[in-house]
Each structure stands twice: as C-alpha cells, then as structure tokens.
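Convention: sequence-line order gives letters A, B, ...; per-chain numbering from 1. Only heavy atoms go into these numbers, but all of them, side chains included; no hydrogens, no water, no symmetry mates. What you are looking at is a predicted structure, and each value in this text was computed from that prediction instead of being measured.
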Amino acid sequence: DAGITQSPRHKVTETGTPVTLRCHQTENHRYMYWYRQDPGHGLRLIHYSYGVKDTDKGEVSDGYSVSRSKTEDFLLTLESATSSQTSVYFCAISGMTSGDYEQYFGPGTRLTVT
Amino acid sequence: ILNVEQSPQSLHVQEGDSTNFTCSFPSSNFYALHWYRWETAKSPEALFVMTLNGDEKKKGRISATLNTKEGYSYLYIKGSQPEDSATYLCAPYNYGQNFVFGPGTRLSVLP
C-alpha cells in the first residue's frame, strides 16, 4: 500500500467553525489531490497540488482552501463549515511513473457538519 | 470539466456470470484513462491505466479495452465472484484538464 494517511479519520463539527484535514504521504510523490465523495457524483476534485506551494482549484473548490508547505503534507481547510460540506473526503497522491499518473488514495475522512 | 458517463449505473449478476460495463468520455485531447475498483467502506484502488487506442489490459478475470477515437472504454469481468462486488470508476485524463471521475457502476454479485 502507498504510504498515505489522513487525519482525523472522523470529525463532527458545528456549522460556522473552521476545520482542517491533513493528508500525509511518505512516497515523495509530486501530485496530491483532495476529493469529496457525494452520492450520484462519485468523486469530485476539490483542489490539487503539483508541488510545494503550487496548488490549483478543482471542480468544487468553493468554500475550501488548501496549503502545501512540504512535499509530504497537503492540508484542506474549510474556513466556515456548512452542512453541505458533510461528506467523506479522500486524499490521493500520484507521481508521473511511466507517465501514467496512477492515483493512490488515502483511507478517507468522514466529516459531519451539524 | 469533462463529461464522463458510465453505464449501467448499477447491476446485479449471479455468481459465475460474465459482465461488462462502459465508460464514455470526450475523445479530443485524450491522454490516459484509469479504471478504479472501490469497495464499500474502503478507498478506491487502481485497476488499469490505459493510454493507447486499442489498448487491452488484463488482471486475472478482469480486463479492459480502450477506444480513444470514439471515446469509450469497456470493463469486462469473467465469471463474476461475490468478492467482485464493488463500484467501478473510470477517470479519463485529457490534456489541459484534471482527472474527472465518472459516477461509477455499482456491481453486486449474488452467490
């Protein structure tokens, strides 16, 4: 298994509070991604990073920000959580091995916003 | 954002049946297509990475084909087993775009 962990694994928070999710990798892969899992939509990309301090928006970036100060860590922040952000969040990593960008996923973080 | 479709949305088959499902995507600027297997309460796991028109990949009883000119890929499972029950996701990658995951095909294999 790829060395990728997420913390916390579960979190319950109240509407309006800030929340930060952490993704940590030990593979030294260049690319890191944050997805959310929603019924009927599969996985949707929130933000991604292509290097330290290099990030860009994905399909559903509103209400989320990210930071990557080290190769191994990619943080996802909900500045003011809303109930619509209740979801399971997956981090993924990939490297350009043979040019294929195969993604390896973390175990997921279940976030509930009450 | 790429428009990625997968069909059927879900299907139920009996153990031992063979089955297949489809991933459709825009063919312009194609770079690669990934297939992932996603079991309930687990994380998606990569099955295949396909890049060339006409590619065929195989892993055990599961195989996939790719047609980049018409924008589709088929995933086949031969002799389905209960442990094949999962959601199968495709994710095409086109130049200038991010990976976009399809909505998935949920397969249930009944013993």
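Residue-environment remark: CD (B:Glu15) exceeds the threshold of 12 foreign heavy atoms within 6.0 Å. For CZ of A:Arg110, the number of neighbouring non-hydrogen atoms (other residues, nucleotides, ligands) closer than 6.0 Å is 12 at most.
Residues B:Ile62 and B:Val49 are members of separate hydrophobic clusters, defined by side-chain heavy-atom contacts under 4.5 angstrom among Ile, Leu, Val, Met, Phe, Trp and Tyr. Hydrophobic cluster membership differs between B:Met50 and A:Tyr104, with clusters built from Ile, Leu, Val, Met, Phe, Trp and Tyr side chains linked at under 4.5 angstrom. Under a hydrophobic-cluster definition in which Ile, Leu, Val, Met, Phe, Trp and Tyr are linked whenever side-chain heavy atoms come within less than 4.5 Å, directly or via other members, B:Phe25 and B:Phe21 are assigned to the same cluster. One hydrophobic cluster, built from ILVMFWY side chains closer than 4.5 Å, cannot hold both B:Leu33 and B:Val4; they sit in different ones.
Annotation: side-chain hydrogen bond (donor to acceptor under 3.5 Å, both in side chains) contacts of A:Thr13 (sequence neighbours excluded): A:Thr17.
The CZ atom of A:Phe90 sits 10.5 Å away from the CZ atom of B:Phe101 when rounded to the nearest 0.5 Å.
Shortest non-hydrogen contact noted between A:Gly108 and B:Ser43 is N-OG, 4.5 Å.
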B:Tyr36/A:Leu43 under side chain to side chain contact (heavy atoms under 4.5 Å, CB included): CA gap, chis, key distance, verdict: CA-CA 11 Å; B:Tyr36 291 84; A:Leu43 291 169; over 6 Å; no
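Of residues 73-94 of chain B, those residues lying under 4.5 Å from chain A by any heavy-atom pair are B:Leu89, B:Tyr93.
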